[in-house]
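For reference, the structure is listed below as structure tokens.
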Number of protein chains: 2
Amino acid sequence: MATARKHGGGSSPAPVQAASVGATIYSVAERAGVSIATVSRVLQGAGTVSAKTTQKVLDAVEELNYVPLGAARSLAVRHHEAHGLVLPELTGPYYSELLMGFESRAAELGQSVTLMLTDGKADLARAVRQLATHVDAIAVLGSAAMPPAVARALHGQKPVVIIAGAPQEGIESVRAENAHSAEQLTEHVLAHGRTRLVFVGDPEGAPDITERHAGFVAAHRARGLEPAPPVRVPFREGEGEAVAERILAGEIDADALVCANDELALAIMTHLQDAGRDVPGDIAVVGWDDVMTSRYVRPGLTTVRQPVHELGVIAAERLHQRVSGGQPVLEPQILPTQVVIRGSCGCGHR
Amino acid sequence: MATARKHGGGSSPAPVQAASVGATIYSVAERAGVSIATVSRVLQGAGTVSAKTTQKVLDAVEELNYVPLGAARSLAVRHHEAHGLVLPELTGPYYSELLMGFESRAAELGQSVTLMLTDGKADLARAVRQLATHVDAIAVLGSAAMPPAVARALHGQKPVVIIAGAPQEGIESVRAENAHSAEQLTEHVLAHGRTRLVFVGDPEGAPDITERHAGFVAAHRARGLEPAPPVRVPFREGEGEAVAERILAGEIDADALVCANDELALAIMTHLQDAGRDVPGDIAVVGWDDVMTSRYVRPGLTTVRQPVHELGVIAAERLHQRVSGGQPVLEPQILPTQVVIRGSCGCGHR
DNA sequence: CTGTTAGCGCATTCAA
DNA sequence: TTGAATGCGCTAACAG
């Protein structure tokens, strides 16, 4: 009688039982009248198994509704075939697109993706360590408030790539170009004859924003102008209304707003319009990200499009390379962005 | 000399090595001068270990930068401590919010979440089976084009819950209320004196849409009216423009559009407006989902808000209950929705 | 082409 | 309070 061991039913022939929850490679082997090695071979497509035997195994698998235990395989092959992705949250299209890119590439490479959101997590370090036990490699979004210490601890244990974050010693990173396009965008607004531009967003809030602000400053300097200090606000939607109120109240004097992202820009623009201001007549507004809404509002929002999906794809790609023994690419990879001109900057478009 | 086995360094005392990638419970035990059982105990917080011993272990863990191998633990305890979530894709706020709800609750329950997106996957059945090997339970969004056969196969092996999908024999499901709010919404439009309402969307495309259309029909019948046949289109954004063109061309005769979701409604409304039509003057437009854009366009879009986050929370909750031995709740759980009146239906709001 | 066997790293009895 | 021993289900040599 086939493989006995602690496993097999033991003495009597395998009873014809309905698909049981506990089907293992042993029960399948027994049912098919072969060894577990053979079952493993047909399931992995490895080695050579005769057509007839293959069919027997497949039948047994089907009858038992066998679902292999991933953990056992992972233990044996010593990798999880899973990538971790750490994001702050998922509002707005940015993170979603990134995630879609990441997931699709990971899937193509045969890796599943385990997602972790940091917002609202009390013990982040613990959560990340926990994640690390289940995956082969981890991608972290820069602004995911992950203590640099955690990133460093992970690094050295598992391959890590930072997405859109401040580069850290020895850790791979991939991000979109910011400073140059911000300079371009700002120069475009300046070229419309605007003179009192204000940057809205917190340059210290995230690495991306820091760079965008730097571009804003650079464009001014290039014309020998001194930029006004930024209006430092987090880029949640609610903040936009508050900023609009300050403008309406005359607290902020500006004829153009360069906002850290579209959500902020849209909230401000809509609020100003509802209060009777003309955009871009009285004040121009531009944003960053090219979210869906930016196409629908009137005037259309002038903004910058980032290759977010691509960012996710590359991150997944890099992780896989590293897990497969590839060397880290230490120079940060920087993807180009694109200024999208619509009407809110003062151009004639609608 | 502590535990020798195949593991331990063997003869010489553990060399003081930098954090190595391969640290295992054995190396930690050796370093701390205890047995692996003790290491396991302090790491799991189980059993009673003296303060001094605990500290020795913790130090060793720190020095070695030990990250337990999740697969080994999973194999030993025989569960993955992970939930799977299957979604079609992630555009728009619906799926993201659902995912956020799911992730947050799962995390609270100590479960990690493995995400799978179905769009673009060639062999869905294979992908799902693959997912099943790594998780304890799976939640599937109804419209994730998952063959019912797959759902049934999974069911019986792992707990499954269907989110916003057609209930299937013996499988748990949770969804938002659709028919009643659709009837309310339609009645509201009818009450504005509109007489030529058209439903835009494919009632056979997804269970949710089927129900919304049913509500649309019911509202008509309640007034002794016969509803026009629906304009069957998928609810991608591009379709909206096509529909708008057909309206402008006079192919579709309507004074009010009840759209399957906001994306569709927004695309149509904007396109119509750009062509010079007055909304809601010439034609009213209402949608479903209350996406961000719906608040920003003018007139604001009248729509229906669903408790999407809550849907995710409940799904995660149910899966955990089931994994913990709880019984399935067979009556579908139905969460209430809320009609949000703005201006696009003809009301005075902006 | 197929079977036997030895781990993979951890949790967990059972003894001491 | 601690250690030794066993097995979780699977893969991958190694034999035959």
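Here is how names work: the chains are called A, B, and so on, in the same order as the sequence lines, proteins then strands, and each is numbered from 1.
- Rounding to whole angstrom units, CD1 of residue B:Ile25 and C1' of D:dT2 are separated by 14 Å.
- Ion pairing between a basic and an acidic side chain is recognised when a charged N comes within 4.0 Å of a carboxylate O; A:Lys121 and B:Glu103 show such pairing.
- Side chains of A:Ser96 and B:Ser96: a donor on one and an acceptor on the other come within 3.5 Å.
- Not counting sequence neighbours, the partners of B:Arg175 by the side chain to side chain donor-acceptor pair (under 3.5 Å) test are B:Glu211.
- If you check distances only, the side chain of A:Tyr26 does reach the base of D:dC10 with a donor-acceptor pair under 3.5 Å.
- Rounded to whole Å, atom C1' of D:dC10 lies 14 Å from atom CG of B:Leu69.
- Near DNA chain D, defined here as any heavy-atom distance below 4.0 Å, the residues from residues 70-79 of chain B are B:Leu75, B:Ala76, B:Arg78, listed numerically.
- Counting any heavy atom pair closer than 4.0 Å across all strands shown, A:Ser50 reaches sugar-phosphate atoms only and no base atom.
- In this structure, A:Gln44 places its CD atom 17 Å from P of D:dG9, rounding to the nearest Å.
- Residue B:Ser40 is in base contact, counting any heavy-atom pair closer than 4.0 Å across all strands shown.
- Relative to the side chain of A:Ala37, the nucleotides D:dA12, C:dC10, D:dT2 differ in distance, and D:dA12 lies closest.
- Here B:Leu99 contributes atom CG and B:His309 contributes atom NE2; the two are 10.0 Å apart, rounded to the nearest 0.5 Å.
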_Stepwise side-chain contact (heavy atoms from CB on, under 4.5 Å) test for A:Val160 and A:Arg322_ = CA-CA 9 Å; A:Val160 170; A:Arg322 293 283 297 284; over 6 Å; no

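- When distances are taken from the side chain of A:Ile36 to each of C:dT5, C:dA11, D:dT2, the shortest belongs to C:dT5.
- Listed candidates were C:dA11, D:dC10, D:dC14. Nearest to the side chain of A:Arg41 is D:dC14.
- Just one of A:Ile171, A:Val174, A:Leu141 meets the side-chain contact (heavy atoms from CB on, under 4.5 Å) condition when paired with A:Ile162; it is A:Ile171.
- Listed nucleotides: C:dT2, C:dC10, D:dC10. Nearest to the side chain of A:Val49: C:dT2.
- The phosphate of C:dC1 (OP1 or OP2) has a side-chain N or O of A:Thr48 nearer than 4.0 angstrom.
- In this structure, B:Tyr66 reaches the C:dC10 phosphate: one of its side-chain N or O atoms is under 4.0 Å from OP1 or OP2.
- Atom C1' of nucleotide D:dT2 and atom CD of B:Gln55 are separated by 18 Å, given to the nearest angstrom.
- Straight-line distance from the CD atom of B:Glu30 to the C1' atom of C:dG9: 15 Å, rounded to whole Å.
- For D:dT2, neither phosphate oxygen OP1 nor OP2 lies less than 4.0 angstrom from any side-chain nitrogen or oxygen of B:Thr38.
- The stretch residues 67-80 of chain A participates, sequence neighbours left out, in these side-chain hydrogen bond (donor to acceptor under 3.5 Å, both in side chains) pairs: A:Gln44-A:Arg73, A:Arg73-A:Glu81.
- In this structure, A:Leu64 atom CG and D:dG9 atom C1' are separated by 15 Å, rounded to whole Å.
- Rounded to whole Å, atom P of C:dG9 lies 14 Å from atom CG of A:Asp136.
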